[in-house]
Amino acid sequence: MDHFLYRDGALYAEDVPVAEIAAQVGTPFYLYSTATLVRHFRLFDEALAGMDHLICYAMKAASNQAILKTLAAEGAGMDVVSGGEYRRARAAGVPGERIVFSGVGKTAEEIRLALDGGVRQFNVESEPEMQVLSAVASKMGKTAPITIRVNPDVDAKTHAKIATGKSENKFGIPISRAREVYAMAAALPGIEVIGIDVHIGSQLTELEPFELAYTKVAELTEVLRADGHDIRRLDLGGGLGIPYTRSNEAPPLPLDYGALIKRNVGHLGCEIEIEPGRLIVGNAGILVSEVIYVKSGEGRDFLILDGAMNDLIRPAMYEAYHDIVPVIEPAPGTEQAPFDIVGPVCESGDTFARQRLMPPLIAGDLVAFRSAGAYGAVMASEYNSRPLVPEVLVHGDQFAVIRPRPTFDEMINRDTIPEWL
Ligand code: LLP
């Protein structure tokens with residue numbers, strides 16, 4: 001459920017017509033709905049009710065300060081994976097004790113930053129990282145709370161580029177070596193082992209892989225406790241998928257996911273963390289774009305938009321499907337025809353959809369890519385010297401630009417010319 005609906009034949013974001021925002025901001029732009037963000041956050045919160053828990057929003061999915069503030073006001077913690085994300089979370093007012101630091105390659109500098117500013121825990125992914133963490137923390141006279149990310153060797157049944165829980169992936173330590181690595185951690189100064197971390201992938205559309213992974217984590221908790229480790233926190237990662245089409249997909253609901261967590265690890269008395277990103281923000285955002293040309297090709301027609309792969313890379317990178325809908329609702333019974341929907345960037349990969357059935361559109365018409373809130377704006381670039389796509393947030397009948405489009409001068413003047421030129 002989201003708050004991008006047609007009303008009287010026009011697409012609205014909550015109580016604001018999308019076309020009105022487009023007229024003020026220009027296209028393309030990302031548009032987020034506060035009500036949808038909050039709704040999705042609360043679904044998780046309700047799903048984990050009755051367990052001591054913290055939902056650490058995986059801010060890599062969409063990291064605008066306004067989004068972070070909206071979620072932090074709901075009680076969200078943050079899952080960060082870089083010094084930049086840590087700084088963003090702090091700048092949005094999130095206290096260190098609500099920030100979990102994940103990531104496979106934290107540098108000594110990033111570790112120092114988080115230890116200095118405060119951190120809930122580091123999710124450690126390797127022995128060398130643990131040694132650096134121990135050394136840095138000891139030198140600073142601090143004790144870093146840690147979990148160790150275990151790789152449970154579970155098939156997440158998702159796109160290969162976003163699966164992380166198989167033994168061939170770069171993430172975590174093999175669960176088979178967990179006892180050895182936990183023993184090593186316990187012996188190191190400057191760190192305190194407090195729990196276990198696991199994250200098996202993103203856009204999971206079945207619960208079974210979670211069940212397999214969490215069963216292994218539950219078993220490991222008992223084993224490590226027997227070894228003398230005080231395992232009191234479980235970070236169960238993110239990854240719950242969303243429907244990208246409104247017709248034929250029904251990924252599991254947060255409520256069922258919550259029940260699965262309770263069933264598998266509830267008896268252990270641990271504090272539970274989860275790190276959802278996509279499910280919170282994915283369907284809370286759309287990308288609005290304008291048709292520049294309708295072009296007739298050899299045996300196929302193209303809709304050429306002003307949005308491109310630099311603004312939304314998911315179709316090019318993961319063959320991802322996004323619903324693309326006209327901002328003016330087609331009259332019932334309007335005939336549809338197949339189009340290749342493309343951007344203006346100079347490569348064939350700049351294709352959003354092939355042979356997609358669309359109602360008749362003409363230059364100047366607006367379309368919206370649905371489910372674009374997660375991994376949309378954050379993965380945008382200025383390829384082809386197209387200024388970074390702006391972001392807008394709606395709240396009821398209000399809207400605000402939360403990241404303006406850079407001017408061409410701003411974009412160009414970031415370059416500096418060496419003396420010899
Ligand atoms: N925790 C960790 C350690 C992660 O690596 C991720 C996502 C999450 C949580 C959040 O997962 P989510 O709930 O959003 O599925 N760019 C790709 C997705 C990459 C996911 C990376 N890690 C895409 O556009 O599909």
Side-chain angles (χ1 to χ4, degrees), residues 30 37 40-41 43-44 47 54-63 67 71 76-82 85-86 89 99-106 120-126 129 147-152 156-166 169-173 196-207 209-210 213 234-244 251-254 257 261 272-285 287 309 311-322 352 369 371-381:
Y30 278 92
L37 274 175
H40 289 160
F41 177 81
L43 286 179
F44 277 118
L54 183 68
I55 299 163
C56 295
Y57 168 60
M59 61 178 277
K60 61 167 78 70
S63 56
I67 292 174
L71 293 172
M78 299 289 152
D79 171 61
V80 309
V81 290
S82 70
E85 285 196 348
Y86 180 85
I99 301 178
V100 168
F101 208 133
S102 298
V104 74
K106 303 171 201 78
R120 182 174 183 79
Q121 98 234 1
F122 291 95
N123 293 336
V124 174
E125 297 224 14
S126 67
E129 181 198 346
T147 71
I148 297 175
R149 178 169 176 180
V150 293
N151 185 326
K157 299 184 185 154
T158 185
H159 192 282
K161 283 187 185 158
I162 54 176
T164 55
K166 285 289 285 174
N169 300 130
K170 68 181 174 184
F171 301 97
I173 56 140
I196 306 174
D197 172 44
V198 70
H199 169 79
I200 55 174
S202 193
Q203 186 54 18
L204 272 70
T205 53
E206 292 169 37
L207 285 179
F210 288 117
L234 300 179
D235 181 335
L236 300 174
L240 198 57
I242 62 169
Y244 277 93
L253 301 172
Y257 174 68
I261 290 176
I272 300 301
E273 285 167 0
I274 54 169
E275 304 167 349
R278 190 189 310 266
L279 199 141
I280 291 178
V281 75
N283 280 321
L287 172 67
M309 64 188 292
D311 304 308
L312 177 66
I313 191 101
R314 303 195 67 258
M317 193 148 171
Y318 315 108
E319 297 87 35
Y321 179 98
H322 286 265
F352 292 120
F369 290 75
S371 318
Y375 308 106
V378 284
M379 294 181 80
S381 74

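Atoms within each ligand, like the ligands themselves, are counted from 1 in listed order.
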Side chains of D79 and S102: donor-acceptor distance under 3.5 Å anywhere? yes

For R149, what residues pass the salt bridge (charged side-chain N to carboxylate O under 4.0 Å, His left out) criterion, not counting sequence neighbours? E125

Please enumerate all residues that pass salt bridge (charged side-chain N to carboxylate O under 4.0 Å, His left out) together with K161, with sequence neighbours excluded. none

Identify, with sequence neighbours excluded, every residue that meets side chain to side chain donor-acceptor pair (under 3.5 Å) alongside Y375. none

Set of residues that line ligand 1, where lining means a heavy atom lies under 4.0 Å from it: A58, K60, D79, R149, I162, H199, S202, Q203, G238, G239, E275, P276, G277, R278, R314, Y318, Y375, M379

Looking only at the aromatic ring of each residue, does the gap between the centers of Y57 and F41 stay below 6.0 angstrom? no

Measure the CG-SG distance between L236 and C56 for me, rounded to the nearest 0.5 Å. 11.0 Å

